[in-house]
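One structure is given here, and the rest of the page talks about it.
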Amino acid sequence: PAAAASSKPPYSFSSLIFMAIEDSPQKRLPVKDIYGWIVSNFPYYRTATGGWRNSVRHNLSLSKSFRRIQRDKSQSVGKGSLWCVCPEYRLALLEGLRKTHSYHGSSSCLINKPVL
DNA sequence: AAGACTGTAAACAACA
DNA sequence: GTGTTGTTTACAGTCT
């Protein structure tokens, strides 16, 4: 049913950020691409009003799970830093995802992607 | 009951 | 100058 207006995904911003980064080839993304991944995978945020981007940034800065790393300075393209998942918190994030969404069998779920 | 986690808003500096 | 990036404080609700 395409008529189903996309409601707010049940994922926390931490989870969304985590999934976005894990889904990236080099496990690191600039904020802009984190936005993009979220919008691409959760249409709700395509039209979502309000400061969800603010929340994403807030979460990146606040959470110990994510670390800001300097962009390759020989590549002057792109602004801002790259964000990655702290290895020591990765399992906890993964576990958090599985815990909150432990409904078994939904193979269409994003977290079941071979991202590990 | 208390602390962690979550979501939202907002002020602000640094930057390109 | 403007929009983006990043940090920070504050407040309320939820979960453990």
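Letters go in sequence order (proteins before strands), and every chain restarts at 1.
- By the 6.0 Å contact criterion, CD on A:Gln26 is open, its count of non-hydrogen atoms from other residues, nucleotides or ligands being 12 or less.
- Considering only side-chain N and O atoms, A:Arg68 lies under 4.0 angstrom from the phosphate OP1 or OP2 of C:dT7.
- Applying the under-4.5 Å side-chain rule to Ile, Leu, Val, Met, Phe, Trp and Tyr, the cluster around A:Ile69 extends to A:Leu82.
- Residue A:Tyr35 is in sugar-phosphate contact alone, with no base atom involved, counting any heavy-atom pair closer than 4.0 Å across all strands shown.
- The residue among A:His58 and A:Gly80 whose nearest nucleotide of DNA chain B is located toward the 5' end is A:His58.
- Nearest-nucleotide positions on DNA chain B for A:Asn54 and A:Asn59 put A:Asn59 closer to the 5' end.
- At the heavy-atom level, A:Lys8 lies under 4.0 Å from the strands shown only through sugar-phosphate atoms.
- Within the 4.0 Å cut-off from OP1 or OP2 of C:dT5, not a single side-chain nitrogen or oxygen of A:Ser81 is found.
- The main-chain N or O of A:Ser55 is never found under 3.5 Å from a side-chain atom of A:Asn59 such that the two would form a donor-acceptor pair.
- Salt bridge annotation for A:Glu22-A:Arg90: present, with a cationic side-chain nitrogen under 4.0 angstrom from a carboxylate oxygen.
- Scanning both residues, A:Pro30 and A:Arg71, for their nearest heavy atoms gives CB-NH2, 3.4 Å.
- A 6.0 Å sphere centred on CZ of A:Arg53 holds more than 12 heavy atoms belonging to other residues, nucleotides or ligands.
- Below 30°, between 30° and 60°, or above 60°: for A:Tyr35 and A:Trp52 the angle between ring planes is above 60°, a perpendicular geometry.
- In terms of hydrophobic clustering, with Ile, Leu, Val, Met, Phe, Trp and Tyr side chains grouped at heavy-atom distances under 4.5 Å, A:Ile17 and A:Tyr89 are assigned to different clusters.
- The interatomic distance linking A:Gln70 (CD) with C:dT5 (C1') rounds to 15 Å, in whole Å.
- To the nearest angstrom, P of C:dA10 lies 13 Å from CG of A:Leu62.
- Axis orientation changes by 10° from one end of the helix from B:dA2-C:dT16 to B:dA16-C:dT2 to the other, with each end axis drawn from 5 pairs and the value rounded to 10°.
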message = Could you go through A:Tyr11 and A:Met19, starting from their C-alpha distance and side-chain angles, then the distance that decides it, and tell me whether this counts as side-chain contact (heavy atoms from CB on, under 4.5 Å)?
response = CA-CA 10 Å; A:Tyr11 300 100; A:Met19 290 187 284; 3.7 Å; yes
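- Separating the CZ atom of A:Arg57 from the P atom of C:dT7 is a distance of 11 Å, rounded to the nearest angstrom.
- Checking the phosphate oxygens (OP1, OP2) of C:dG6, a side-chain nitrogen or oxygen of A:Trp83 falls inside 4.0 Å.
- Bounding nucleotides for the chain A contact on DNA chain B, 5' to 3', at a heavy-atom distance below 4.0 Å, are B:dT6 to B:dA10.
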